[in-house]
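All figures in this text were calculated on a predicted structure; none of them were measured in a lab. Order of the sequence lines sets the chain letters (A, B, ...), proteins ahead of strands, with each chain counted from 1.
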Amino acid sequence: TEFFKNDIAYRGKGVVNWCPGCNTVIANEQVLADGTCERSGDTIEKREMPQWMLRITKYADRLIDDLDTLDWPEHIKEAQRQWIGRSRGAMIDFKINITNANDSAESSTVNRTTLMTVFTTRPDTLYGATYLVLAPEHPLVAQYEAQISNWTEVAAYIAETKQKDDQDRLDNTKEKTGVKLEGITATNPASGEEIPVYISDYVLASYGTGAIMAVPAHDERDYAFAKKFGAEIRQAVAAIFNESKNIGKERVGIYGLIQNDKGDYLIQHLKKPGYFWLPGGGIDDGETEFECLERELLEETGYDKFVIGEKITEVFYDYPAQAKYDGRNRAIIYRVTVDEGSQSPISYTEKEIADDMQTKWVPTDQIKKLLDTGEPTRSAFINFVIDIANGSIFSSNGYLVQSEEFSGLNSEDAKEKIVEKVGGRMTSTYRLRDWSIGRQRYWGVPIPIVYDPDGKAHPVPKEHLPWLLPEDVDFRPTGEAPLAKSEALKKRAEEIFGAGWTPEVETMDTFVDSSWYFLRYLDNSNEEGPTSLKKQAEWMPIDIYFGGAEHTTMHLLYSRFWQKALLDLNLVTESEPYKRRINRGLILGPDGNKMSKSKGNVIDPDEHVKTVGADTVKMYLAFMGPYEGANYPFDLGGIAGVRRFLERVYGLSDHIVDEEPAEMTKLLHKTMIKVRSDIETFKFNTAISAMMIFVNQAEKNGLSRDTYLAFVKTLAPFAPHLMEEIWHDLREEGSVHEASYPIPNPQLCEDEVVTIGVQINGKMRGSITLAPDATEAEAVDMALLNVDVARYAEHITLKKVIYVPGRILNLIV
RNA sequence: GCGCGGGUGGCGAAAUUGGUAGACGCGUUAGUCUUAGGAACUAAUAGGGUAACCUGUGGAGGUUCAAGUCCUCUCCCGCGCACCA
């Protein structure tokens, strides 16, 4: 009810996900990637119905930004960032013009000065925006019904879009469809040009403003659409190669990507091997681009009959200051074809050119290979031009061209400046949608809302909370909310609020409950409220929260939002519920798939507990690999080893001696240190391995009763049953689990000698044993006495010695 | 396509974070014991070679006295997002 009063919960309308299997609405997060229900596996349908929603989108920025403060695995944070899907960009208004000759201001009710807002992440490409596209559902489309002269066609397309399910619509491999809106146009606010307006289902109503400015030169989807619908493609940003910070002056060069009738490319080989370039050159004063290109091509290729085609692209190429032509070269590249057969062979008109550059025909299938051998930036430039000529799109940042006063700026700088000029605003949009929480199920918390006789929603006042589920209902889901059939609930509402008042009959998504259960756990007998601030101050936030990867964009996101919403209402003390998150791995079925009844690969651990015991099964699972992350197919192969280990631990009582060797005491303390630190870092597999090493040695060397007891205590958390039994067999008091966990003494672990490797010229040639603090001279002497080492070092003088005490000795000879 | 993880023996995996790669366990091989099978125990077990040695952490380069570990490129696998403007 607090959420309702504070506009965090609201009654929304619109399209929801309906699961026919569960007979209820579910949230976006609960729809899997293949369009099926997370719970039942049924294919989700879209339905339009009013819904109780929570404004999680209002918290999008905080949900992203606060991730930085958390000690969580990076991939989980990243998955949440992606799910929220923030993109920074700008809102830009385009004026809508009515061009329908049959329309007049007097006869129409439509606002003559309507603005169409689009969202774009690339305002720097605004001068390349040659048309607008609206989602077919966009409200503006229907408003202009009278002005759109091809309305029949438009209406048919809108109807067609509604038919399509999401899967179809999201299939980006299919061809673009759409309809041009005849009778209206828009004005590009930067260039002032009038541009056409289309509707197409590649624009989603639910994202951004449901409308885009299309920049076919720099966006693949817009490009595909423009190609199909014949819209203009205009470059606004140019790629840059060999970018240099200190550019002196800008010059313009015109170049040709020349092909013959076979498609071969005419590539210039400069004098320096591997320096490839395209024929062409700098524009002279007073020359047109065509004149320049014709002149240059004749000079540099010797051909005199070209067909100059369309402009492919403009590209910047920086020459370093010391080069012959220093500065930034704006290279304008045209497509050129040559009929090789009808021409005389290449002959050069200038000697200098003949010496400096040769042009050669390179077949299509060899061009990439040749460029790979060339000087990288030049080859990259030519490669880029060929790719663009073949239909690639330059969609990265670059430097602006054909953008009036912004030409020459880089994309980043241009973005804000252009937005400023056209009166737009920088903003962010999100992929995240509000959380729909109403469910047509019995099993859930009833939504504490009642409707007055006019149908207006009111929160149930505090004194009537908790608002409990009625019990006089058949809870099987039918598609109708089961609570609608409850006479008790209806009666309760009328008795409290008066005749004509009706209760909300939907219940809440169970993810609502799990969003704050931990807060109630702290204070579960509190009658005054959900949980007291005092208890929270003592316990929150949760230090470590374990769970599965499936919660990443559901429970973990919902409960973070919940916490922040409560924080704004001063009901909690922390802005984040979980300080540290650890995703545990999964034990998979023997076939490597997630265990499921339908796959028939479910392993019942109890069966194995019956044969080898619970301690063995548990330890085996812990021993298979690290706790965090990885998933393991259940494989009984190694379980015997763990069972054997436990039997040997039990049998250690036969190896008890009065005086144990000092090395056993040392090993005990080393083992205790290792086990402790491995427990702290959740590396149970290596902890167990260390204890196995201890047992191997104890059997060989014997161990004292005290050492045995300490070891039993160390192992107790891993094998609680057996250790308890040994504890009793040793006639110790009470329970091993009540005994304090043994504290290792690091001083006992210090080694008097260590074995280190000896390398000659970095190759391992032997090992020596010496004191850990031995000097370099001592180490070298020791090494030279070692037969394995001496063999290599004999008769050779030492050039250099690298000695890392306790680690390695490397002799350079 | 974009983002995030990973590629180490026959298998699950270790590696003090740049310092003897493969700890520990499974499996395999040989041996001991046993009427036999199993269990248990002992030894061996990255690959090649009689050996000295050589090669080896997906692949190709690089940095370093020294690289599984750092850098560049590349291939493969898993997960997330995806007509998101």
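B/U50 is unpaired under the criterion used here, namely a Watson-Crick or G-U wobble arrangement in which both key atom distances are under 3.5 Å. Here B/G56 sits opposite no nucleotide as a Watson-Crick or G-U wobble pair (both hydrogen-bonding atom distances under 3.5 Å). Applying the Watson-Crick and G-U wobble criteria (two distances, each under 3.5 Å), B/G22 pairs with nothing in any strand. B/A40: Watson-Crick or G-U partner is B/U32, with both key distances under 3.5 Å. Nucleotide B/G1 is matched to B/C81 when pairs are restricted to Watson-Crick or G-U wobble geometry with both distances under 3.5 angstrom. As the counterpart of B/C70, B/G62 is assigned, both hydrogen-bonding distances of the Watson-Crick or G-U wobble pattern falling under 3.5 Å.
With both ends at atom C1', the span from B/C33 to B/A40 equals 9 Å, rounded to whole Å. A gap of 15 Å separates the P atoms of B/U20 and B/A66, to the nearest Å. Taking atom C1' in both B/A82 and B/C75, one finds a spacing of 24 Å when rounded to whole Å. Going from the P atom of B/G59 to that of B/C11 covers 15 Å, rounded to whole Å. Only the C1' atoms considered, B/C24 is 15 Å distant from B/U45, to the nearest whole Å. One P atom belongs to B/U57, the other to B/U50, and the distance between them is 24 Å to the nearest Å. Comparing B/U64 with B/G10, their C1' atoms sit 35 Å apart, to the nearest whole Å. Separation of the P atoms belonging to B/A23 and B/G62 is 31 Å when rounded to the nearest angstrom.
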So which protein N/O to nucleotides 64-73 of chain B N/O distances come out below 3.5 Å?
residue, atom, partner, partner atom, Å
B/C65, O2', A/N810, ND2, 3.1
B/C65, O2, A/N810, ND2, 2.5

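As rounded to whole Å, 15 Å separates atom P of B/C79 from atom CD of A/Q82. We find that OH of A/Y803 is positioned 16 Å from P of B/G19, with the value rounded to whole Å. Summarising the geometry, the separation between CG on A/L586 and P on B/C79 is reported as 12 Å, rounded to the nearest angstrom. Straight-line distance from the CD1 atom of A/I64 to the P atom of B/C81: 15 Å, rounded to whole Å. Between A/L204 atom CG and B/A85 atom C1' there is a gap of 9 Å when expressed in whole angstrom units. With rounding to whole Å, A/L134 atom CG is found 13 Å from B/A85 atom C1'. Taking atom CD of A/Q80 as the reference point, atom C1' of B/G3 lies 15 Å away to the nearest angstrom. Rounded to whole Å, atom P of B/C83 lies 19 Å from atom CZ of A/F229.
The two atoms that bring A/M782 and A/T769 nearest to each other are CE-O, 3.5 Å, heavy atoms only.
At a cut-off of 3.5 angstrom, counting only N and O atoms as typed in the model, there is a donor on one side and an acceptor on the other between the side-chain of A/K176 and the base of B/C83.
Heavy-atom nearest nucleotides on RNA chain B were determined for A/M692 and for A/H75, and the one closer to the 5' end corresponds to A/H75.
Checking A/E412 against A/N397 by side-chain atom types alone, a donor-acceptor pair falls below 3.5 Å. Counting only N and O atoms by type, the side chains of A/T686 and A/D678 include a donor and acceptor under 3.5 Å apart. In this structure, a donor-acceptor pair under 3.5 Å is absent between the side chains of A/Y223 and A/S395. One side chain, A/D61 or A/Y430, offers a donor N or O that lies under 3.5 Å from an acceptor on the other. Donor-acceptor pairing under 3.5 Å is lacking for the side chains of A/R378 and A/N242.
At the heavy-atom level, A/R644 lies under 4.0 Å from the strands shown only through sugar-phosphate atoms. If you check every strand for non-hydrogen atoms under 4.0 Å, A/K763 touches sugar and phosphate atoms only. Counting any heavy atom pair closer than 4.0 Å across all strands shown, A/N696 reaches sugar-phosphate atoms only and no base atom. Among the heavy atoms of the strands, none lies under 4.0 Å from A/R86. If you check every strand for non-hydrogen atoms under 4.0 Å, A/T429 touches nothing.
With ring centers used as reference points, A/Y198 lies under 6.0 Å from A/F225. A ring-centre distance under 6.0 Å is not found for A/F645 and A/F623.
By the 6.0 Å and 45° rule, A/K176 stacks over the aromatic ring of A/Y202. In this structure, A/R560 is positioned above the aromatic face of A/W72, its NZ or CZ under 6.0 Å from the six-membered ring centre and within 45° of the axis.
Glycosidic conformation at B/G9 (O4'-C1'-N9-C4 for purines, O4'-C1'-N1-C2 for pyrimidines): syn, within 90° of 0. For B/U8, the glycosidic angle deviates from 0 by more than 90°, giving an anti base.
Checking B/A85, B/C81, B/C41 against the side-chain heavy atoms of A/R431 singles out B/C81 as nearest. Comparing B/A23, B/A85, B/C41 against the side chain of A/S689 picks out B/A23 as the nearest. Distance from the side chain of A/W83 is smallest to B/C81 among B/G19, B/C24, B/C81.
Taking the six-membered ring where tryptophan is involved, the planes of A/F682 and A/F684 are perpendicular, since the angle between them exceeds 60° and thus also 30°.
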- prompt: Can you give one letter per nucleotide of nucleotides 9-16 of chain B, going 5' to 3': B for a protein heavy atom under 4.0 Å from the base, S for sugar-phosphate only, - for none?
  reply: ---BSSS-
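Distances shorter than 4.0 Å separate none of the side-chain N or O atoms of A/R643 from OP1 or OP2 on B/C26.
In this structure a side-chain-to-backbone donor-acceptor pair under 3.5 Å is present from A/D615 to A/L722.
A salt bridge is defined here as a Lys NZ or Arg NE, NH1 or NH2 lying under 4.0 Å from an Asp or Glu carboxylate O, and A/R644 with A/E647 fails to meet this definition.
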